[in-house]
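A quick write-up on the structure given underneath.
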Number of protein chains: 2
Amino acid sequence: MRMTRQRRIILDELRKTKDHPTADMLYQSVRRHLPRISLGTVYRNLEILAEAGMIRKLEFGGASRMRFDATVSRHSHIRCVACGRIDDFPLDPDLNPEEYTAGINGYEVLGYNLEFYGRCPACKAKVK
Amino acid sequence: MRMTRQRRIILDELRKTKDHPTADMLYQSVRRHLPRISLGTVYRNLEILAEAGMIRKLEFGGASRMRFDATVSRHSHIRCVACGRIDDFPLDPDLNPEEYTAGINGYEVLGYNLEFYGRCPACKAKVK
DNA sequence: AAAATAATAGTAATGATTACTATTACTGAA
DNA sequence: TTCAGTAATAGTAATCATTACTATTATTTT
């Protein structure tokens with residue numbers, strides 16, 4: 001993977017912020033450095049950086065648009081149902097979700113979603 | 001809310017299946033009973049039924065399309081990363097997510113997403 | 001039954017994302 | 001260093017799920 005000027009600046013801009021921007025938000029801030037960059041380049045590079053494990057792609061339930069996160073270490077998110085803001089917070093693997101409900105980052109916690117992913121019996125058999 | 005023929009059949013078709021269909025999948029099966037129904041009607045009614053708490057809307061991370069679930073009681077989901085299949089499974093509020101990893105429904109469990117939602121400090125202050 | 005209201009079918013619009021294409025910028029071997 | 005090969009880009013068009021719109025139809029209320 002070539003670290004092009006465009007790719008470098010996209011990564012830098014993402015790392016500068018803590019607010020899990022959408023592709024378009026990043027496009028706006030990257031344009032201040034590279035006025036001729038195209039939105040497609042931003043999307044493509046975010047995809048490539050995510051595949052390389054350098055950033056994370058968040059497809060947050062309830063939000064239509066994809067969001068991106070430069071923090072790749074394990075952590076969780078809390079989203080404000082009123083304004084859509086998303087904050088990081090540390091995930092404690094020894095806690096069950098119910099035990100977090102006493103105020104995360106000053107939020108009033110309303111609930112959580114816990115979804116698992118894996119390989120179903122049929123696909124497990126197929127690949128192996 | 002009027003329980004129109006269309007709305008009734010959409011609800012019935014959703015209740016018949018366990019595989020969390022998309023709006024379009026439901027549209028296909030409802031059309032077998034109402035050949036002239038429109039996709040917009042399916043979307044609108046799914047929205048109305050979800051608001052009434054009669055069904056649940058799943059916006060599963062990693063899946064682009066919305067999915068619908070006639071089971072409104074508390075439960076969780078596991079998605080196959082290979083084929084996209086989504087299965088239900090019971091959520092135990094006393095377990096932390098790590099403790100589920102010993103095979104859910106015959107799945108090979110690869111991981112989980114835990115996301116919280118609530119009201120952020122700013123919005124909490126605003127509304128009250 | 002007439003008036004008021006809600007829902008529908010069909011179609012058009014929206015908006016995020018992806019695909020395409022000609023051009024440009026690297027890379028690495030001769 | 002040069003030049004052939006390859007990757008990446010800008011700009012634009014296409015895709016596709018969802019939502020909005022509108023004239024018409026169905027249901028409820030008075």
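In what follows, chains are A, B, ... by sequence order, proteins preceding strands, each numbered from 1. Computed from a predicted structure; not experimentally measured.
- Following rounding to the nearest Å, B:M1 (CE) and C:dA6 (C1') show an atom-to-atom distance of 12 Å.
- Atom P of nucleotide D:dA8 and atom CD1 of A:I9 are separated by 16 Å, given to the nearest angstrom.
- Contact check, A:R36 against D:dG11: a side-chain N or O comes under 4.0 Å of OP1 or OP2.
- Minimum atom distance to the side chain of A:R2 is reached by D:dA8, of the listed D:dA8, D:dA26, C:dA16.
- For B:Y100 and B:F89, the ring centers are positioned less than 6.0 Å apart.
- Listed in residue order, the members of residues 37-58 of chain A having a heavy atom less than 4.0 Å from DNA chain D are A:I37, A:S38, A:T41, A:R44, A:N45.
- Listed for the A:E51 side chain is no donor-acceptor partner under 3.5 Å among the backbone atoms of A:I48.
- A:H20 and A:D87 share no donor-acceptor pair across their side chains, judged by distance under 3.5 Å alone.
- Contact between the side-chain N/O atoms of B:T4 and the OP1/OP2 oxygens of D:dA26 is not found at any separation under 4.0 Å.
- Rounded to whole angstrom, the span from the CZ atom of B:R8 across to the P atom of D:dT27 amounts to 15 Å.
- Under 3.5 Å, the side chains of A:T17 and A:D19 contain a donor-acceptor pair of N or O atoms.
- Between A:F116 and B:Y112, the angle of the ring planes lies from 30° to 60°, which puts this pair in the tilted group.
- Rounded to whole Å, atom P of C:dA9 lies 12 Å from atom CZ of B:R31.
- Computed from coordinates, the A:L34 CG to D:dT9 P distance equals 10 Å when rounded to whole Å.
- Side-chain nitrogen and oxygen atoms of A:Q6 include at least one within less than 4.0 Å of the OP1 or OP2 phosphate oxygen of D:dA10.
- Put simply, OH on A:Y27 is 12 Å from C1' on D:dT12, counting in whole angstrom units.
- For B:R7, a side-chain nitrogen or oxygen approaches OP1 or OP2 of C:dA7 to under 4.0 Å.
- If you take CE of A:M3 and P of D:dT9, they are 10 Å apart, rounded to a whole angstrom.
- A donor-acceptor contact closer than 3.5 angstrom is absent between the side chains of A:S29 and A:R32.
- With 3.5 Å as the limit, one finds no donor-acceptor pair spanning the side chains of B:H33 and B:D12.
- The CZ-C1' distance, from A:R65 to D:dA17, rounds to 15 Å in whole Å.
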